Number of protein chains: 2
Amino acid sequence: MAAPTLKDVALRAGVSVRTVSNVVNDYVYVADDTRARVQAAIDELGYRPNLLARNLKLGRTKMLALVVPELDVPYFAELARLIIHEARTAGYTVLIDQTDGDERRERELVTEDARGVNFDGVIASPLSLTEEALEGRRASAPVVLLGERLFAAGVDHVAIDNVRAAREATEYLFSLGRRRIAAIGVQHESTGTAKLRTIGFRGAFAAAGAVVDEDLLVEVGHYHREDGAAAMARLLDLPEPPDAVFCFSDLLALGAQRVALARGLSVPEDLAVIGFDDIEDGRYATPTLTTISPDKAVIARSAVRQLIARIDAADEAAEPAQSVQIEAPYRLVVRESTQGRISTGGS
Amino acid sequence: MAAPTLKDVALRAGVSVRTVSNVVNDYVYVADDTRARVQAAIDELGYRPNLLARNLKLGRTKMLALVVPELDVPYFAELARLIIHEARTAGYTVLIDQTDGDERRERELVTEDARGVNFDGVIASPLSLTEEALEGRRASAPVVLLGERLFAAGVDHVAIDNVRAAREATEYLFSLGRRRIAAIGVQHESTGTAKLRTIGFRGAFAAAGAVVDEDLLVEVGHYHREDGAAAMARLLDLPEPPDAVFCFSDLLALGAQRVALARGLSVPEDLAVIGFDDIEDGRYATPTLTTISPDKAVIARSAVRQLIARIDAADEAAEPAQSVQIEAPYRLVVRESTQGRISTGGS
DNA sequence: CTGAAAGCGCTTACAG
DNA sequence: CTGAAAGCGCTTACAG
């Protein structure tokens, strides 16, 4: 009843465990007849190698940890899907650590010593990780960070140019003739994405020679639909409501759009809405959502490959190489929420 | 540079590894001063137990595998979030296996011998697993299945009563006075959810003394937005289009609704739409989506607890207990897509 | 091409 | 309450 071991197979095939191991691991120098005999024993016994023992011996697990704040945020779910796919292609399984945005857990997972642990490396999309936390990091498992750019931290990153993307989104709204342009998603506490996108937003105003009405910059606790909804409600209660809004995530945009529509506004006629992330949701909303679309496939692929390269490099005990900053492409995807209208006519 | 081991700590504290292990594992019978001395050594060395070694020794990993077709389908993402949360509460980490609906992979993960593997148990939400596959299963790791009911298979299940839920949804449409009621989501190949919901749908017709117009039953390849959109387009091209549609998932419903709106129909005036799953998406769509809402928290909690109970029972080597069928509650959530309208007026 | 043997770092039955 | 020692099931340097 106990699972057959390498030793059981060796006994049955009349060879040493060494040879069985060689067969199991497709080692080349095994005589054909030996291999056949061993394979027969394996099949008869239904032998399957014990991964736990292999892990201990080799010191690696062929598992990657993916650290995300919330798996049910579509952007993370879509990214997770791609990352799992890439990892699988490379022979790795993904273990998900959901932090719920808890900074302490993010920090632990990314900065703590991770030797002898169940994964070989970490891909993390931190919400609130500070540069200081990263400076003091003593993790032995390689880490690749997603979606932020905390320079000087000596950690590999994959991200789009958030400043430029945000500026493009805002400039596009200017180009439509909008003048009272709001932004939803500012976070003063943030060291990351929110700050960069705010800089881009302001940059577009500067370039247009326009002045930012600070009342139109709305801070949010999270990047969820409900935060977008609450923010929009506040904006619409202003004496002079906006005629366009740039939301720092598609979820914020969908929440904002919902409130605008529910209050009887026409989108885009009365209010142009643009989001960020290009989640599938926005492609089926009515109106469909204009958005900044980061190339998630490139982000996932780059992150997995870079991480695995680090893992392999660690095996060869080379000196720690320079940290790498990978810039993924993005594009502005124009849909109905800023330009078209659905065929129902209206207004 | 090498990570400190139990032995290093023992040497430094002047005790045996046994004692260090006792301290690390909070074994009660350790003298206070011994404990203090060992703890000091642990802190000085920065010792952290090697999980890989512990796994091998104990034969378990405190990891659960979650097998889902696609992580970026919101229903699975929301469920995954809850499952990860529950697992964490119980001291388990979750490893995600994404099958892309590939039946072979589903089968392998659920039915193969899983001794000496990186997880202690499996929660699976199979798309195409057949009863036969389950009959022949020789997995040693416990399995809990989600969302289907393949009786007689001797595997634990957690599911809502899909037949009753589907009938209720359909009866509700009848109660609104709708008569040409379509269904999107039929799958003739399916052994699971789709079949059960179809039965419920037909049951409502039977109860109402109405005849199902087979042209209004639309089969789909997947339960995605695009499938719902394509199905709706077909229905609207019918000489006598439906006045209501029951979609077997919210994604199908959102796709269907999008097409209806884009063609200038009013929802719910011209077409009532009801979905299944209650994903957050539907709560912010315009109009908001009426749906069957399975209690995902209960599903996640029941699944994790049942699985862990099996894992613990296996430790005690009791005889394999009867399989358990856990029925989770659900409710019909009525929103704008079947009754209200947004304040913009219209029609 | 293959064998005998060490060792990865833990946990724990057995003594005391 | 603690020690000395075996063993979980692999991989692999060392010989031959």
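Numbers restart at 1 for each chain; the letters A, B, ... are given by sequence-line order, proteins then strands. Note that the structure is predicted; figures quoted are calculated from it, not measured. Just so you know, these numbers use all the heavy atoms, side chains as well, and skip hydrogens, waters and symmetry mates.
Side-chain contact between A/Asn118 and B/Thr93 is absent, with no heavy atoms from C-beta onward closer than 4.5 Å. Counting only heavy atoms from C-beta outward, the side chains of A/Val324 and A/Asp156 approach each other to under 4.5 Å. Inter-residue side-chain proximity for A/Arg88 and B/Asp97 is flagged as met; some heavy-atom pair is nearer than 4.5 Å.
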> If pairs are Watson-Crick or G-U with both distances under 3.5 Å, what is the dot-bracket string of DNA chain C, marking crossing pairs with [ ] and pairs to another strand with |?
Replying inline: |||.||||||||.|||
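Between the P atoms of D/dT2 and D/dA6, the separation comes to 23 Å (whole Å).
Rounding to the nearest 0.5 angstrom, the gap separating the CG atom in B/Asn50 from the CG atom in B/Asn55 is 8.5 Å.
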Give every donor-acceptor pair under 3.5 Å between a side-chain atom in residues 34-44 of chain B and any protein atom, sequence neighbours left out.
unit_1  : atom_1 : unit_2  : atom_2 : d
B/Arg35 : NH2    : B/Tyr27 : O      : 2.8
B/Arg37 : NH1    : B/Ala13 : O      : 2.7
B/Gln39 : NE2    : B/Asp43 : OD1    : 3.1
B/Glu44 : OE1    : B/Arg12 : NE     : 2.5
B/Glu44 : OE1    : B/Arg12 : NH2    : 2.8

List the atom pairs, donor and acceptor, that lie under 3.5 Å between side-chain atoms in residues 64-83 of chain A and the rest of the protein, sequence neighbours left out.
unit_1  : atom_1 : unit_2   : atom_2 : d
A/Glu70 : OE1    : A/His224 : NE2    : 2.7
A/Glu70 : OE2    : A/His224 : NE2    : 3.3
A/Glu70 : OE2    : B/Arg81  : NH1    : 3.2
A/Asp72 : OD1    : B/Arg81  : NH1    : 3.0
A/Glu78 : OE1    : A/Lys296 : NZ     : 3.1
A/Glu78 : OE2    : A/Glu280 : N      : 2.9
A/Arg81 : NH1    : B/Glu70  : OE2    : 3.2
A/Arg81 : NH1    : B/Asp72  : OD1    : 3.0
A/Arg81 : NH2    : B/Asp100 : OD1    : 2.6

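Set against C/dG9, D/dT2, C/dC1, the side chain of B/Thr34 has D/dT2 as its closest nucleotide.
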> Tell me, for nucleotides 10-16 of chain C in 5' to 3' order, what letter each nucleotide earns: B for a base near a protein heavy atom under 4.0 Å, S for only sugar-phosphate near one, - for neither?
Replying inline: BBBBB--
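Residues forming a side chain to side chain contact (heavy atoms under 4.5 Å, CB included) with A/Lys62 (at least two apart in sequence, or on another chain): A/Arg60, A/Tyr92. Taking A/Ala297 as the reference, A/Asp295, A/Arg301 meet the side chain to side chain contact (heavy atoms under 4.5 Å, CB included) condition, with sequence neighbours excluded.
For D/dC1, the OP1/OP2 oxygens have no side-chain nitrogen or oxygen of B/Thr19 closer than 4.0 Å.
Regarding B/Asp33, its CG atom lies at a distance of 12 Å from the C1' atom of D/dT2, rounded to whole Å.
With DNA chain D read from its 5' end, the first of the two nearest nucleotides for A/Leu56 and B/Ala31 is the one closest to B/Ala31.
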